[in-house]
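This report concerns only the one structure given below.
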Amino acid sequence: MEYEEFEEQFINHVKYMAGWSKIQGNCVVETVMIAGEENKRIRFQCIDQRVVLPEIYITDIWKDIQSIQDDLKAKIRISDTAYAIRRAWEELYDTVIHRCAQKDGPGISDQIKPLFTNRKVENEILKDLIWMQKEEIAVYFYVTNRKKKECFLSKGLADIWNVEEEMLLKSVFDKKEGDISFESWIEKNDLANSIGRLLPEKHGKIRVGTACQGTVLLFQEAYRKELKEKMDGNFYVFFPSAENCIWISGTIPFPEVQKCFQKIIEQTFSRESWVTDRIYLCDGKKLEFAGTLQDRQKVSSFKPKIR
(Lines give C-alpha, C1' and ligand atoms only; values in the text may rest on other atoms or scores of the structure.)
Protein backbone atom coordinates (compact mmCIF):
# COMPACT_ATOMS: atom_id res chain seq x y z
CA MET A 1 0.00 0.00 0.00
CA GLU A 2 1.33 3.42 -0.97
CA TYR A 3 1.08 6.41 1.35
CA GLU A 4 -1.61 8.20 -0.71
CA GLU A 5 -3.91 5.17 -0.50
CA PHE A 6 -3.22 4.77 3.20
CA GLU A 7 -3.97 8.43 3.88
CA GLU A 8 -7.34 8.28 2.12
CA GLN A 9 -8.41 5.09 3.89
CA PHE A 10 -7.15 6.28 7.27
CA ILE A 11 -9.06 9.58 7.08
CA ASN A 12 -12.25 7.78 6.07
CA HIS A 13 -11.95 5.28 8.92
CA VAL A 14 -11.24 7.91 11.57
CA LYS A 15 -14.15 10.04 10.36
CA TYR A 16 -16.43 7.00 10.45
CA MET A 17 -15.36 6.10 13.99
CA ALA A 18 -15.68 9.71 15.14
CA GLY A 19 -19.25 9.74 13.82
CA TRP A 20 -20.11 7.04 16.37
CA SER A 21 -18.33 8.77 19.23
CA LYS A 22 -20.26 9.78 22.35
CA ILE A 23 -18.41 13.11 22.27
CA GLN A 24 -20.37 15.80 20.50
CA GLY A 25 -18.38 17.54 17.84
CA ASN A 26 -16.76 17.11 14.45
CA CYS A 27 -13.73 15.34 13.07
CA VAL A 28 -11.57 17.94 11.33
CA VAL A 29 -8.95 17.16 8.70
CA GLU A 30 -6.43 19.95 8.15
CA THR A 31 -3.49 20.56 5.88
CA VAL A 32 -0.76 22.46 7.70
CA MET A 33 2.61 23.75 6.57
CA ILE A 34 5.51 22.55 8.72
CA ALA A 35 9.02 23.63 7.78
CA GLY A 36 7.81 24.47 4.29
CA GLU A 37 6.12 21.12 3.63
CA GLU A 38 2.45 20.15 3.68
CA ASN A 39 1.29 17.75 6.36
CA LYS A 40 -2.19 16.42 7.11
CA ARG A 41 -3.59 15.91 10.56
CA ILE A 42 -6.88 14.90 12.15
CA ARG A 43 -8.38 16.35 15.32
CA PHE A 44 -11.72 16.14 17.06
CA GLN A 45 -13.27 19.55 17.55
CA CYS A 46 -15.51 19.25 20.62
CA ILE A 47 -18.68 21.29 21.01
CA ASP A 48 -17.61 21.53 24.64
CA GLN A 49 -14.82 24.08 24.22
CA ARG A 50 -13.33 23.29 27.61
CA VAL A 51 -11.67 20.24 26.09
CA VAL A 52 -9.16 20.52 23.24
CA LEU A 53 -8.08 17.02 22.24
CA PRO A 54 -4.62 16.23 20.86
CA GLU A 55 -4.29 16.12 17.09
CA ILE A 56 -3.17 13.07 15.11
CA TYR A 57 -0.58 13.49 12.36
CA ILE A 58 -1.20 10.97 9.59
CA THR A 59 2.45 10.76 8.56
CA ASP A 60 3.37 9.74 12.12
CA ILE A 61 0.93 6.81 11.98
CA TRP A 62 2.28 5.83 8.57
CA LYS A 63 5.89 5.87 9.79
CA ASP A 64 5.00 3.76 12.82
CA ILE A 65 3.36 1.15 10.60
CA GLN A 66 6.26 1.19 8.13
CA SER A 67 8.72 0.48 10.96
CA ILE A 68 6.87 -2.70 11.95
CA GLN A 69 7.98 -6.05 10.57
CA ASP A 70 6.06 -7.31 7.54
CA ASP A 71 4.36 -10.22 9.33
CA LEU A 72 3.00 -7.92 12.02
CA LYS A 73 2.19 -5.15 9.54
CA ALA A 74 -0.17 -7.49 7.71
CA LYS A 75 -2.17 -8.01 10.91
CA ILE A 76 -2.64 -4.31 11.61
CA ARG A 77 -5.91 -3.01 10.22
CA ILE A 78 -6.55 0.65 9.62
CA SER A 79 -9.99 0.28 11.18
CA ASP A 80 -8.42 -0.99 14.43
CA THR A 81 -6.05 1.98 14.55
CA ALA A 82 -8.92 4.39 13.90
CA TYR A 83 -11.01 2.78 16.66
CA ALA A 84 -8.07 3.04 19.10
CA ILE A 85 -7.78 6.76 18.32
CA ARG A 86 -11.51 7.26 18.96
CA ARG A 87 -11.31 5.41 22.29
CA ALA A 88 -8.27 7.47 23.34
CA TRP A 89 -10.18 10.68 22.59
CA GLU A 90 -13.20 9.45 24.59
CA GLU A 91 -11.15 8.36 27.61
CA LEU A 92 -9.35 11.67 27.69
CA TYR A 93 -12.62 13.58 27.38
CA ASP A 94 -14.18 11.59 30.24
CA THR A 95 -11.18 12.21 32.48
CA VAL A 96 -11.19 15.95 31.85
CA ILE A 97 -14.96 16.33 32.32
CA HIS A 98 -14.83 14.34 35.58
CA ARG A 99 -12.10 16.59 36.87
CA CYS A 100 -14.09 19.65 35.82
CA ALA A 101 -17.08 18.41 37.83
CA GLN A 102 -14.83 17.95 40.85
CA LYS A 103 -12.96 21.16 40.02
CA ASP A 104 -9.89 18.98 40.43
CA GLY A 105 -7.38 21.19 38.70
CA PRO A 106 -3.60 20.79 38.50
CA GLY A 107 -2.30 19.84 41.93
CA ILE A 108 0.52 17.97 43.61
CA SER A 109 0.00 14.91 41.42
CA ASP A 110 -0.25 16.95 38.22
CA GLN A 111 2.19 18.86 36.09
CA ILE A 112 1.71 21.67 33.63
CA LYS A 113 4.16 21.22 30.78
CA PRO A 114 4.96 23.44 27.80
CA LEU A 115 5.38 22.77 24.11
CA PHE A 116 6.90 24.92 21.37
CA THR A 117 5.09 25.40 18.13
CA ASN A 118 5.01 27.72 15.16
CA ARG A 119 2.22 30.22 15.73
CA LYS A 120 1.18 30.40 12.07
CA VAL A 121 1.03 26.62 11.69
CA GLU A 122 -1.06 26.07 14.82
CA ASN A 123 -3.33 29.10 14.53
CA GLU A 124 -6.57 27.07 14.58
CA ILE A 125 -5.71 25.08 17.71
CA LEU A 126 -4.17 28.01 19.56
CA LYS A 127 -7.36 30.08 19.41
CA ASP A 128 -8.90 27.84 22.11
CA LEU A 129 -5.76 27.55 24.27
CA ILE A 130 -3.75 29.56 26.73
CA TRP A 131 -0.55 30.49 24.92
CA MET A 132 2.27 32.99 24.75
CA GLN A 133 4.05 34.41 21.75
CA LYS A 134 7.59 35.51 21.02
CA GLU A 135 8.40 36.19 17.38
CA GLU A 136 7.06 33.22 15.38
CA ILE A 137 7.41 30.90 18.37
CA ALA A 138 4.29 30.14 20.40
CA VAL A 139 4.37 28.32 23.72
CA TYR A 140 1.25 26.48 24.81
CA PHE A 141 0.63 24.11 27.71
CA TYR A 142 -0.77 20.70 28.53
CA VAL A 143 -1.71 19.04 31.80
CA THR A 144 -0.86 15.49 32.88
CA ASN A 145 -2.36 13.76 35.89
CA ARG A 146 -1.97 10.60 37.96
CA LYS A 147 -3.99 8.63 35.41
CA LYS A 148 -1.39 9.46 32.78
CA LYS A 149 -3.94 11.39 30.77
CA GLU A 150 -2.96 14.56 28.97
CA CYS A 151 -5.05 17.46 27.78
CA PHE A 152 -4.25 20.87 26.34
CA LEU A 153 -4.76 23.75 28.74
CA SER A 154 -7.71 25.55 27.19
CA LYS A 155 -9.10 28.89 28.26
CA GLY A 156 -12.15 27.10 29.67
CA LEU A 157 -10.09 24.73 31.82
CA ALA A 158 -7.91 27.57 33.05
CA ASP A 159 -11.04 29.37 34.29
CA ILE A 160 -12.50 26.28 35.99
CA TRP A 161 -9.21 25.29 37.63
CA ASN A 162 -8.23 28.86 38.53
CA VAL A 163 -4.93 28.59 36.68
CA GLU A 164 -3.50 32.08 36.63
CA GLU A 165 -1.26 33.19 33.80
CA GLU A 166 1.44 34.17 36.29
CA MET A 167 1.79 30.59 37.53
CA LEU A 168 2.38 29.08 34.09
CA LEU A 169 6.02 30.09 33.79
CA LYS A 170 6.69 29.18 37.40
CA SER A 171 5.32 25.72 36.76
CA VAL A 172 7.66 24.84 33.91
CA PHE A 173 11.03 25.05 35.59
CA ASP A 174 12.49 24.06 38.95
CA LYS A 175 13.61 26.53 41.55
CA LYS A 176 15.78 25.91 44.58
CA GLU A 177 15.88 28.63 47.18
CA GLY A 178 15.06 31.21 44.54
CA ASP A 179 17.81 30.09 42.17
CA ILE A 180 17.09 28.55 38.81
CA SER A 181 18.22 24.95 38.60
CA PHE A 182 20.14 23.77 35.55
CA GLU A 183 20.54 20.22 36.83
CA SER A 184 18.20 18.80 34.20
CA TRP A 185 20.36 20.04 31.34
CA ILE A 186 21.54 17.31 29.03
CA GLU A 187 25.11 18.49 28.55
CA LYS A 188 26.67 15.31 27.22
CA ASN A 189 24.51 13.34 24.86
CA ASP A 190 24.45 12.11 21.28
CA LEU A 191 22.82 15.26 19.94
CA ALA A 192 25.39 17.57 21.54
CA ASN A 193 28.20 15.34 20.25
CA SER A 194 26.73 15.37 16.73
CA ILE A 195 26.58 19.17 16.78
CA GLY A 196 30.14 19.37 18.08
CA ARG A 197 31.43 17.26 15.19
CA LEU A 198 29.82 19.61 12.66
CA LEU A 199 31.30 22.80 14.13
CA PRO A 200 34.86 24.16 14.11
CA GLU A 201 37.24 22.58 16.63
CA LYS A 202 36.97 25.54 19.00
CA HIS A 203 33.20 25.62 19.12
CA GLY A 204 32.72 26.69 22.72
CA LYS A 205 29.88 25.35 24.83
CA ILE A 206 26.94 23.42 23.46
CA ARG A 207 23.79 22.83 25.47
CA VAL A 208 20.76 20.73 24.63
CA GLY A 209 17.67 21.55 26.68
CA THR A 210 13.99 20.83 26.99
CA ALA A 211 10.86 22.76 26.11
CA CYS A 212 10.63 23.73 29.79
CA GLN A 213 13.99 25.47 29.73
CA GLY A 214 13.35 26.99 26.34
CA THR A 215 10.09 28.49 27.54
CA VAL A 216 11.81 30.19 30.42
CA LEU A 217 14.59 31.31 28.12
CA LEU A 218 12.03 33.18 26.05
CA PHE A 219 10.18 34.88 28.86
CA GLN A 220 12.34 35.08 32.01
CA GLU A 221 15.15 37.62 32.23
CA ALA A 222 16.71 35.88 35.25
CA TYR A 223 17.04 32.70 33.24
CA ARG A 224 18.69 34.48 30.32
CA LYS A 225 21.13 36.13 32.70
CA GLU A 226 22.24 32.86 34.23
CA LEU A 227 22.33 31.20 30.83
CA LYS A 228 24.50 34.02 29.51
CA GLU A 229 27.05 33.31 32.24
CA LYS A 230 27.09 29.62 31.37
CA MET A 231 27.44 30.40 27.67
CA ASP A 232 30.14 33.08 28.22
CA GLY A 233 28.33 35.86 26.34
CA ASN A 234 26.16 35.89 23.22
CA PHE A 235 24.59 32.63 22.10
CA TYR A 236 22.51 31.21 19.27
CA VAL A 237 19.19 29.49 19.95
CA PHE A 238 17.54 26.80 17.80
CA PHE A 239 14.03 25.38 18.21
CA PRO A 240 14.15 22.21 16.07
CA SER A 241 11.21 20.39 17.68
CA ALA A 242 8.38 20.75 20.19
CA GLU A 243 10.54 19.13 22.89
CA ASN A 244 14.07 20.35 22.16
CA CYS A 245 16.02 23.59 22.05
CA ILE A 246 19.74 24.02 21.46
CA TRP A 247 22.19 26.74 22.51
CA ILE A 248 25.55 27.33 20.82
CA SER A 249 28.18 29.93 21.63
CA GLY A 250 27.89 33.18 19.68
CA THR A 251 31.64 33.21 19.02
CA ILE A 252 31.14 30.88 16.06
CA PRO A 253 30.60 32.57 12.67
CA PHE A 254 26.95 32.51 11.66
CA PRO A 255 27.48 30.66 8.32
CA GLU A 256 29.06 27.77 10.24
CA VAL A 257 26.16 27.68 12.68
CA GLN A 258 23.55 27.82 9.91
CA LYS A 259 25.23 24.96 8.03
CA CYS A 260 25.40 22.90 11.23
CA PHE A 261 21.76 23.52 12.10
CA GLN A 262 20.52 22.51 8.65
CA LYS A 263 22.40 19.22 8.85
CA ILE A 264 21.23 18.50 12.39
CA ILE A 265 17.54 19.03 11.71
CA GLU A 266 17.72 17.02 8.48
CA GLN A 267 19.63 14.14 10.07
CA THR A 268 18.07 14.03 13.54
CA PHE A 269 14.53 15.41 13.39
CA SER A 270 11.69 14.44 11.08
CA ARG A 271 10.58 17.39 8.98
CA GLU A 272 7.09 17.15 10.44
CA SER A 273 8.46 17.94 13.91
CA TRP A 274 10.29 21.16 13.03
CA VAL A 275 9.02 24.22 14.85
CA THR A 276 11.09 26.66 12.82
CA ASP A 277 14.23 26.61 10.69
CA ARG A 278 15.23 30.07 11.91
CA ILE A 279 18.13 30.80 14.20
CA TYR A 280 17.90 33.33 17.03
CA LEU A 281 20.74 35.27 18.66
CA CYS A 282 20.57 36.32 22.30
CA ASP A 283 22.53 39.48 23.09
CA GLY A 284 24.69 38.69 26.12
CA LYS A 285 24.94 42.32 27.22
CA LYS A 286 21.34 43.47 26.82
CA LEU A 287 19.91 40.04 27.68
CA GLU A 288 17.45 40.20 24.83
CA PHE A 289 17.07 38.55 21.46
CA ALA A 290 18.54 40.40 18.51
CA GLY A 291 15.95 38.57 16.43
CA THR A 292 16.41 35.94 13.77
CA LEU A 293 19.74 36.16 12.02
CA GLN A 294 18.15 35.44 8.67
CA ASP A 295 15.91 38.52 8.78
CA ARG A 296 18.08 40.75 11.01
CA GLN A 297 14.93 41.62 12.91
CA LYS A 298 15.30 43.82 15.96
CA VAL A 299 13.44 42.92 19.11
CA SER A 300 13.02 45.79 21.56
CA SER A 301 11.00 44.14 24.29
CA PHE A 302 10.78 40.75 25.93
CA LYS A 303 7.30 41.21 27.39
CA PRO A 304 5.25 38.17 26.42
CA LYS A 305 1.94 38.47 24.65
CA ILE A 306 -0.58 36.43 26.61
CA ARG A 307 -3.59 34.99 24.85
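Sequence positions, counted from 1, serve as the residue numbers for this chain.
- Side-chain N or O atoms of Trp131 include one that pairs as donor or acceptor with a backbone N or O of Leu126 at under 3.5 Å.
- His13 is not listed as a side-chain neighbour of Thr81, based on a closest heavy-atom distance of 4.5 Å or more.
- Tyr93 and Met17 fall into different hydrophobic clusters, defined by Ile, Leu, Val, Met, Phe, Trp and Tyr side-chain heavy atoms under 4.5 Å apart, directly or through other members.
- In plain terms, the two heavy atoms of Phe261 and Ile279 that are nearest each other are CD2-CG1, 3.8 Å.
- Across all non-hydrogen atoms, the minimal contact from Leu53 to Cys46 is CD1-SG, 3.8 Å.
- Side-chain atoms of Val32 and Glu55, non-hydrogen and from C-beta on, never get closer than 4.5 Å to each other.
- Below 30°, between 30° and 60°, or above 60°: for Phe6 and Trp62 the angle between ring planes is between 30° and 60°, a tilted geometry.
- Of all the heavy atoms in Phe141 and Ile130, the pair that sits closest is CD1-O, 3.8 Å.
- Legend: residues meeting side-chain contact (heavy atoms from CB on, under 4.5 Å) with Gln45, ordered by chain and number and at least two apart, are Val28, Arg43.
- Proximity of a side-chain donor or acceptor of Asn118 to a complementary backbone N or O of Val275 within less than 3.5 Å is detected.
- Hydrophobic clustering (ILVMFWY, side-chain heavy atoms < 4.5 Å, transitive): Val29 and Tyr3 are in one cluster.
- Counting only heavy atoms from C-beta outward, the side chains of Leu92 and Pro54 approach each other to under 4.5 Å.
- Shown here for Leu199 and Glu256, the closest heavy-atom pair between the two residues is CD2-O, 4.0 Å.
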- Message: With side-chain contact (heavy atoms from CB on, under 4.5 Å) as the criterion, how do Ile58 and Ile11 come out once you've worked through the C-alpha distance, each side chain's angles and the decisive distance to 0.1 Å?
- Response: CA-CA 8 Å; Ile58 301 174; Ile11 291 174; 3.6 Å; yes

- Task: Could you go through the side-chain contact (heavy atoms from CB on, under 4.5 Å) check for Ile112 and Val163 one step at a time?
- Result: CA-CA 10 Å; Ile112 299 178; Val163 175; 4.3 Å; yes

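- Classification of the Tyr236-Phe254 ring pair by plane angle, with boundaries at 30° and 60°, yields tilted.
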- Run the numbers on Asn162 and Lys103 for side-chain contact (heavy atoms from CB on, under 4.5 Å), then give the verdict. CA-CA 9 Å; Asn162 293 318; Lys103 293 192 175 180; over 6 Å; no

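- In this structure, CG in Leu115 is found 10.5 Å from CG in Leu129, a value given to the nearest 0.5 Å.
- Of the candidates Glu122, Glu124, Glu7, Glu122 is the only one forming a salt bridge (charged side-chain N to carboxylate O under 4.0 Å, His left out) with Arg41.
- Closest approach of Trp161 and Cys151 over heavy atoms only: CH2-SG, 4.3 Å.
- Between Trp89 and Ile56, some side-chain heavy-atom pair lies under the 4.5 Å cut-off.
- Rounding to the nearest 0.5 Å gives a distance of 7.0 Å between CG of Asn26 and CD1 of Ile47.
- Tracing side-chain contacts under 4.5 Å through hydrophobic residues (I, L, V, M, F, W, Y), one never reaches Tyr83 starting from Ile42; they form parts of separate clusters.
- Two residues are said to be in side-chain contact when any heavy atoms from C-beta on lie closer than 4.5 Å; Tyr140 and Val52 fail this criterion.
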- Message: Go through it in stages, so that I can follow the logic: the residues are Phe152 and Asp128, the test is side-chain contact (heavy atoms from CB on, under 4.5 Å), and I'd like the CA-CA distance, side-chain angles, deciding distance and then a yes or no.
- Response: CA-CA 9 Å; Phe152 292 140; Asp128 296 319; over 6 Å; no

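- For the atom pair Cys260 SG and Ile252 CD1, the distance stands at 7.5 Å (nearest 0.5 Å).
- In this structure a side-chain-to-backbone donor-acceptor pair under 3.5 Å is present from Ser154 to Arg50.
- Rounding to the nearest 0.5 Å places CG of Asn123 at 10.5 Å from OG1 of Thr117.
- Here the side chain of Lys155 pairs a donor or acceptor atom with the backbone of Lys127 at under 3.5 angstrom.
- Summarising the geometry, atom CZ belonging to Phe235 is positioned 8.5 Å from atom CG belonging to Leu281; distances are rounded to the nearest 0.5 Å.
- Around atom CD of Gln49, no more than 12 heavy atoms belonging to other residues, nucleotides or ligands sit under 6.0 Å away.
- Across all non-hydrogen atoms, the minimal contact from Cys245 to Phe116 is CB-CE1, 4.1 Å.
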- Worked check of side-chain hydrogen bond (donor to acceptor under 3.5 Å, both in side chains) between Ser21 and Glu90: CA-CA 7 Å; Ser21 177; Glu90 290 177 338; 3.1 Å; yes

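- Taken from CD in Glu8 to NZ in Lys40, the straight-line distance is 9.0 Å, to the nearest 0.5 Å.
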